[in-house]
Amino acid sequence: MAISLEEWSDWNPMSQDFNNEYINDQWQNMIEEEPAPVRAQSFSFKDTIEARKKARSEKQQKYPYLVVKKISEFVTENMLTCFFGRDLIQDMEYRPMSRIFFVYFKNIGSFEAAQTKVELNPSLITCQRGRHRPPPEKNDNIPAAAADPGPNPSITERTEVNLSLRMICTSTGCQKHPIFIQPPLLTKADYAAKESLLAINDPDRRYLNVKYEFAWERHGIYVLKEERVQMNCTVHYLSGRSRTIPLFADEESTKAEDNNTLSHLIEKMGLRQCVACHNWTDVSCKDCSMPFCNEECFDDVNKAHKESCGTGKELDLGDSVGSRRKFPKPQMPPSGSKVKITAFQQTNVCYVRSTEYHDEVAYIRVLTEIIMEGKEAARLENLPKSGEMVLVKFETEITRAMVLYVDNLNDIYVVCIDFGNVEVVKLEDLYQCSPYLAGLPCYTIAVQLRGVPKAFLSPNIREAIYELSGTMVYKLKYSKQEYDSVKNIQVAVLTEVYKNGSLNRLLKTIMSPTVPPLSDPGFKEDYLPHISLPTGKNIELVVMDNTLLKFGLIYCTLKDLSYEVTKIQRDMQAYGEKPSTCSFYAPPKDELCVAKYEGKWCRGLSMELVGDGYPSILFLDYGNIVPIHVSDIRPYPPQFRFPVLTTELDLIGSPENPTDEQVRRLEQYLVVGSTVSCSEIVWCQESNNYSVRFDELQNIFNLK
């Protein structure tokens, strides 16, 4: 029997069961007795949908999660479980209509590990960070379905700090970290003063903005290993340049070897003294081998030379012919010429000299004159003035220097003008400089490296500049339009001649901090060298933090090192504020990090993880322990290998449980940022711990 199309369209085999009230009642009872899990199924029942929404909202409030798109058939629940790891996942939910997975993680640490895997495999899956959903506000007049949950806050939303679960005692109060700005060595007023020697010896004001950037070496903090370059010589690194020091037992043999070394150098270069001006030269007459410098010197002795040339007699001119010395005028080497670096003054400022033959010979002439006459120079008896020319003796080396700043007998800042480095010397190392030596030309020229920032001289940068100065030959390139008339310095690019490598690019790469991958293990505290305070009596200290005085602890450093702590923060700010792929970071316990405190990025050490999003961070350069939110923490870059300059000290005689009044009076005496004189600093070798004693604190501890 034929059946028409209209009759077939009216037939529905499920209509009878759908309209059967008995079957519907049984299904409804089954749902009420055994609620269906919130999985990928979708039901038309209103109460089931509401239950699924409620369960999802509760999980999103409790667990961090990722929203993963099903971009292909290979993205399945099993695949995501294997990709993230079963130990990290708390639960997973799939929505077929939207084709997305909700992957819930047990805690923020698990979420961070999963996020790292996604960043390492960006083409494998596509996902977005989930957001916590706050519970809807209770309002009896508004139905639950119509209640607006409001905007979704970030997963890193700041909540209250949980202090009850912490085993590490945090610092009280929110004191700002002290800032120490070192006064400049020279100011414009020093040049404008009446009868100022600075205006005479430095008319271009080249050393107006100069700074001493090598304070660590002075305190023995950073010492490079001595490298043997010969059988009897070592290379010493000091204040931006290297010096070759012969190894001898006594002073007489040292002087003798110094003369032999100089004579050997002159003989090796084939130099002889000009008969007219007594300068070193390699030019001579082909017939009689009479040495002379140039046409001017030859014209001075031409008449006497004709009489003696070819006769075998030595030319005797007496004192009536020629001047004592003649030197070419110093000038900026032309662009494209070859130069050598004599010293680094800052990360972006170095001093160079031309390697052109006549310029190099003239440079050696000046150094030779200083060495020869400096041996007979008289020692300075009184403190010199700013701008005064002096001679400085470093073991076997004698060099000219100009005094920049005089603090006391042991703190005299000078600049070695024939090299460019700034030194801190004592009065006993200074000698009188004759007008003749002071008037000799200076052939070193300061250049600013284009594109290289002014950064802190970290250990890795110091090692690089010591290896680069004095040995390699560079090609100097610059444009006269880039001359800085304010600082009187030329902006230039230095390119290594043989390997064609840019010095500017190399230094910029070395000093630019990079965010380490989260998959790599972090740096421990032993990655940084620790510089402790000197032991002894009557030592001046700078208080860096006093928030743990109730436990008998104080954090201090030396005055000179406090300036270095502030300089370190300059590089920290640039690293912390730059865009980073790691928007929040929870460092594991005992690992270094860069954390933000009171608007400033500082070095920190993770002391404790509680789980509330606020790890306890010890700020190494100051000493306070503060809970810091994970959004204000960054991974520690390997370039920041700065020594720890602040030392933890136990207060000798401090009571075990001081009263609030005693703590208050202690804080008034040991104010953060103040300079105090301690009675004694003691180091216990067994516990590797430092203690400090203040006799003035007895009145505070004995308070009744």
Check whether [X] reaches the backbone of [Y] with its side chain - one donor and one acceptor, N or O, closer than 3.5 Å.
X	Y	value
Ser196	Ala192	no
Gln573	Trp601	yes
Thr355	Lys338	yes
Ser386	Leu404	yes
Gln569	Val565	yes
Glu496	Lys499	yes
Glu388	Lys385	yes
Tyr351	Arg353	no
Asp202	Arg206	yes
Ser337	Pro334	yes

- Could you give me the CA-CA distance, side-chain angles and deciding distance for Arg450 and Glu482, then say whether salt bridge (Lys or Arg N to Asp or Glu O under 4.0 Å) is met? CA-CA 9 Å; Arg450 180 196 302 163; Glu482 292 184 291; 2.6 Å; yes
- Item | Sole residue of Arg603, His177, Lys600 in side chain to side chain contact (heavy atoms under 4.5 Å, CB included) with Phe619 | His177
Provide the closest heavy-atom pair for [X] versus [Y] in the form atom of the first, atom of the second, distance.
X	Y	value
Pro453	Asn348	O-CB, 4.0 Å
Ala446	Ile489	O-CG1, 3.5 Å
Ile465	Phe344	CB-CD1, 3.5 Å
Ala464	Ile510	CB-CD1, 3.8 Å
Thr566	Pro178	OG1-O, 4.5 Å
Val692	Cys678	CG2-CB, 3.5 Å

- Message: Is there a side-chain contact (heavy atoms from CB on, under 4.5 Å) between Val542 and Phe180? Walk through the geometry before answering.
- Response: CA-CA 10 Å; Val542 176; Phe180 304 94; 3.3 Å; yes
Atom pairs and distances, side-chain donor-acceptor, residues 640-647, under 3.5 Å, sequence neighbours left out:
from, atom 1, to, atom 2, distance (Å)
Arg641, NE, Tyr527, O, 2.9
Thr646, OG1, Asp621, O, 2.8

- Query: What is the distance from atom OG1 of Thr557 to atom CG of Leu541, rounded to the nearest 0.5 Å?
  - Reply: 8.0 Å
- Message: Under 6.0 Å between ring centres: does that hold for Trp216 and Phe456?
- Response: yes
Please list, chain by chain and in numerical order, all residues satisfying side chain to side chain contact (heavy atoms under 4.5 Å, CB included) with [X], sequence neighbours excluded.
X	answer
Asn209	Lys487
Asp190	Leu186, Thr187, Leu198
Ser284	Arg272
Pro534	Ile539, Leu558

- Item | Pair Ser479-Gln481, side-chain hydrogen bond (donor to acceptor under 3.5 Å, both in side chains): steps then yes or no | CA-CA 5 Å; Ser479 175; Gln481 285 75 16; 2.6 Å; yes
- Within 6.0 angstrom of Arg570 CZ, more than 12 heavy atoms from elsewhere: yes
- Message: Using side-chain hydrogen bond (donor to acceptor under 3.5 Å, both in side chains), reason through Gln182 and Tyr212 one step at a time and then give a plain yes or no.
- Response: CA-CA 10 Å; Gln182 191 172 16; Tyr212 181 62; over 6 Å; no
Between side-chain atoms of residues 413-431 and protein atoms elsewhere (two or more places apart, or another chain), which donor-acceptor pairs fall under 3.5 Å?
from, atom 1, to, atom 2, distance (Å)
Asp418, OD1, Arg400, NH2, 2.7
Asp418, OD2, Arg400, NE, 3.0
Asp418, OD2, Arg400, NH2, 3.4
Asn421, OD1, Arg241, NE, 3.1
Asn421, ND2, Glu423, OE2, 2.7
Glu423, OE1, Ser239, OG, 3.1
Tyr431, OH, Arg379, NH1, 3.4
Tyr431, OH, Arg379, NH2, 3.2

